[in-house]
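Note sheet for the following structure.
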Amino acid sequence: MTVESTAARKPRRSSKRTSAAKTPQTSEPQLVQLLTPEGERVEHPDFEIDLSPDELRGLYRDMVLTRRFDAEATALQRQGELGLWASLLGQEAAQIGSGRALRDDDYVFPTYREHGVAWCRGVDPTNLLGMFRGVNHGGWDPTTNNFHLYTIVIGSQTLHATGYAMGVAKDGADSAVVAYFGDGASSQGDVAEAFTFSAVYNAPVVFFCQNNQWAISEPTEKQMRVPLYQRAQGFGFPGVRVDGNDVLACLAVTRSALERARRGEGPTLVEAFTYRMGAHTTSDDPTKYRADEERAAWEAKDPILRLRTYLEKQDLADAAFFAALEEESETLGKRVREAVRAMPDPDRMAIFDHTYADGNPLVDEERAQFAAYQASFAEEGN
Amino acid sequence: MAAQKLSIAKALNESLRKALETDPKVLIMGEDVGKLGGVFRITDGLQKDFGEDRVIDTPLAESGIVGTAIGLALRGYRPIVEIQFDGFVFPAYDQIVTQLAKMHARALGKIKMPVVIRIPYGGGIGAVEHHSESPEALFAHVAGLKVVSPSNASDAYWMMQQAVQSDDPIIFFEPKRRYWDKGDLDTESIPLPLHKAVVARAGSDLTLAAYGPMVKVCLEAAAAAQEEGKSVEVLDLRSMSPIDFDAVQTSVEKTGRLVVVHEAPVFYGSGAEIAARITERCFYHLEAPVLRVGGYHAPYPPARLEDEYLPGLDRVLDAVDRSLAY
């Protein structure tokens, strides 16, 4: 679907290993792009999109609010309200573009960074914060919004997505499934097995890889020697690399892959070529492993800025729109802040809840012992 | 079909057949489970009768088998997964432990994981490396999983029915060297609850507690001890997680002595858990320390040595004598 460019990309970091210079992934294949970093609309022969001004403003709003939510969560972590946060800063277009391609009856299997996709699914953003605050391990009902719990073990959810998609096909439904994962996860065996199973069973699943260039401190050079999207070919399904900072291209490519799945033509791998502008999580220190210039180069490709430029140039949004959105962002930030601070610790007896669906006498015994132990303090008047 | 005599293998086959007939959401998945009927023929004929959509030959990828079964369960299916041999489960161990076991709790009970993982386990068939292991303690240690093992045809049939109906993930260890042992099966009887232990032979001097493949050895040991005038009770635990400690306690309060027997290594094994709990519960009833008989802290040996490694009649009787000598 894409044409390889022969132009070599400048290596990100010096390496003593001469073989690194030969690694094919350092040549940058041409990305599917519909909106340039300068905010110019361009066409692509395979992927068309025609959005109304309302829809364009909607995508912009989604990205702005998602970034605002993310910034608030990062701040809350710094203030000690959250134990950890995995920021999506820079990946808004990949998530909103792919998320807005989904239908309500599609099903999403995220990693732990898909806050923008959750937003598109209608999951209240405050629900995402419970696990980062330490009051639950997710806690939302995945069936309400067809948005599965965040999965922390890297790549595991790609198999769940594949199995779920196999079930969709068995049911004769025409919905599709999206598995989100990162460039680091693509090194996991589970992801390879998910590719194998989905190809063999022609499962209606879209593998949406956000290649944000860094798996904590490890650059893609430590994960792969060929461009990631090309891996799909070896499994027998198409792979496409899309500009992950271009919300229009992410929407168009994901929509196309979903339609393909719905037609019963099986899986697609979408590699959204993007960049994590922040740290891996708030525990990480990217200054130890990557250069400031790299981030600066990617800031010029900012997904939100380029859509804003386009909206302004085309007179699709006026000052009042941007002002209202700014106010809405602040309201969201305030709501999130207050919701997190008001989040109660769970009841201590919740340790034992839901370990088993059908009960277990051992759990019952330990629950009773724990309750008696706790009650003993009350009796002593402590 | 009412009362009949058939092998554990055939009882499992009949049980899987009934599960497929009863609930259209039940699926069987695994390597070679289709046309071949599994390497032990436990799924023999099922794909022919229920089709490739219900009895699914999978790629050779254990993590993939369990991981996709989790996805199918999320979609409302009830997958029964076959892991070909005990030693092959470890590529799937991550999916079982980090995902399958915890999904229900992580979702605060909103989703269920009705997945059965069948594992032919244990030694005694002269197999090569990785084909004779007993990893049950590794699964019993994990909250969220239930672990069972039948020792006879009737339990094989009924416990499989109950495992399929359970909304919890069940690790179903099948004693492969007993697959061809025949026993009575009444498909119209009312079965025991899945996790209840049962007195397989009543006695008054000592309790032998075992499960799966070792129940038969213990029954033989009890019969041999009887000839020497010792009355040995044999308890078939049937479930390793949860364990029916009440039944063990009842038996030990009667006999005053307990020997736990399993094929798995003794160190950190299920015998250790039973010994600790029963010592706590029955300290004043015990006439002797709880003894354990099992495998050694060594890799499962080559087949020519497995008779030395596996607890046989003599090692069990030796433990009986040691306990009675206190």
Side-chain angles (χ1 to χ4, degrees), chain A residues 107 109 130-131 136-144 148-153 155-171 173 177 179 188-190 192-201 203 205 346 350 352-365, chain B residues 24-25 27 29 53-54 56-77 79 91 94-95 97-114 143-146 162 165-170 194-195 241-246 277:
Chain A
Y107 206 100
F109 287 85
M131 66 182 291
N136 58 44
H137 293 309
W140 60 87
D141 181 348
T143 60
T144 304
H148 191 66
L149 299 169
Y150 277 180
T151 298
I152 291 185
V153 177
S156 295
Q157 77 284 358
T158 57
L159 280 169
H160 308 161
T162 301
Y164 193 95
M166 288 161 64
V168 168
K170 281 182 190 304
D171 294 343
V177 181
Q188 288 279 350
D190 274 4
E193 294 189 20
F195 288 176
T196 296
F197 275 67
S198 64
V200 165
Y201 298 111
V205 59
F352 302 94
D353 290 351
H354 311 300
T355 307
Y356 291 91
D358 294 344
N360 181 315
L362 174 65
V363 176
D364 295 344
E365 185 184 324
Chain B
K25 292 293 186 185
L27 305 172
M29 310 168 61
D53 275 350
R54 303 283 309 281
I56 305 164
D57 272 326
T58 63
L60 272 98
E62 282 78 9
S63 190
I65 295 169
V66 173
T68 53
I70 290 169
L72 282 157
L74 288 166
R75 181 71 190 179
Y77 287 87
D94 168 47
Q95 282 287 346
V97 171
T98 71
Q99 306 300 316
L100 181 64
K102 293 177 175 167
M103 203 70 88
H104 179 68
R106 292 178 59 226
L108 301 180
K110 298 295 197 301
I111 49 179
K112 297 189 169 70
M113 277 290 117
L145 301 177
K146 289 178 174 174
Q162 293 162 326
Q165 284 156 21
S166 170
D167 282 332
D168 287 313
I170 307 270
L194 183 56
H195 303 289
S241 177
I243 290 176
D244 185 357
F245 289 112
D246 291 345
R277 296 248 175 195

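Each chain gets a letter, A, B and so on, in the order the sequences are listed, and its residues count up from 1. Treat the numbers as computed from the prediction; the structure is a model and nothing was measured.
Between the side chain of A/Tyr164 and the main chain of B/Leu72, no donor-acceptor pair closer than 3.5 Å is present. The backbone N or O of A/Asp358 sits less than 3.5 Å from a side-chain atom of B/Asp168, completing a donor-acceptor pair.
Residue contact with chain A, scored on non-hydrogen atoms closer than 4.5 Å, is absent for B/Lys102. Both the backbone and the side chain of A/Val168 have a heavy atom closer than 4.5 Å to some heavy atom of chain B. With a 4.5 Å cut-off on non-hydrogen atoms, A/Ala173 touches chain B through its side chain but not through its backbone. For chain B, no part of A/Tyr107 is nearby; none of its heavy atoms comes within less than 4.5 Å. Only the side chain of A/Glu365 comes within contact range of chain B, with at least one heavy atom under 4.5 Å from a heavy atom of that chain. Within the 4.5 angstrom heavy-atom criterion, no atom of B/Ala69 approaches chain A. Heavy atoms closer than 4.5 Å to chain A are found in the side chain of B/Asp94, but not in its backbone. Using a 4.5 Å cut-off between heavy atoms, B/Ile243 does not touch chain A at all. B/Ser166 touches chain A through backbone and side chain together, each having a heavy atom under 4.5 Å away. Looking at B/Ile111, only its side chain comes within 4.5 Å of chain A, counting heavy atoms on both sides. With a threshold of 4.5 angstrom between heavy atoms, A/Ser198 does not approach chain B through any atom at all. Contacts between A/Thr143 and chain B at a heavy-atom distance below 4.5 Å involve the side chain alone, from C-beta outward.
If you tally non-hydrogen atom pairs under 4.5 Å between each of B/Ala73, B/Gly109, B/Ala107 and chain A, the highest count goes to B/Gly109. The choice from A/Asp190, A/Thr196, A/Asn136, A/Asp353 that makes the most heavy-atom pairs within less than 4.5 Å of chain B is A/Asp190. Each of A/Thr151, A/Val200, A/Ile152, A/Thr144 has some count of heavy-atom pairs under 4.5 Å with chain B, and the biggest count is that of A/Thr151. Note: A/Lys170 leads A/His137, A/Met166, A/Lys170 in heavy-atom pairs under 4.5 Å with chain B. With respect to chain A, the highest number of heavy-atom pairs below 4.5 Å among B/Gly76, B/Ala105, B/Pro91, B/Gly64 belongs to B/Gly64.
Contact annotation: the side chain of B/Glu62 never approaches that of A/Glu193 to less than 4.5 Å [non-hydrogen atoms, C-beta and beyond]. No side-chain heavy atom of B/Asp167 sits less than 4.5 Å from a side-chain heavy atom of A/Tyr356.
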Walk me through it: do A/Trp140 and B/Leu108 pass the test side-chain contact (heavy atoms from CB on, under 4.5 Å)? CA-CA 8 Å; A/Trp140 60 87; B/Leu108 301 180; over 6 Å; no
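In this structure, B/Arg277 CZ and A/Leu362 CG are separated by 5.0 Å, a value rounded to the nearest 0.5 Å. Distance CD/B/Gln99 to CG/A/Leu149: 10.0 Å, rounded to 0.5 Å. Once rounded to the nearest 0.5 Å, the distance linking CD of B/Gln95 with CG of A/Leu159 reads 5.0 Å.
When all heavy atoms of B/His104 and A/Ala357 are compared, the closest pair comes out as NE2-CA, 3.5 Å. Nearest heavy-atom pair across A/Phe197 and B/Ile65 is CZ-N, 3.5 Å. Nearest approach of B/Lys146 to A/Gly359, heavy atoms of both residues: NZ-O, 2.7 Å.
Side chain to side chain, B/Asp53 and A/Tyr201 fail the donor-acceptor criterion of an N or O pair below 3.5 Å.
The number of heavy-atom neighbours closer than 6.0 Å to NE2 of A/His354, taken from other residues, nucleotides and ligands shown, is above 12.
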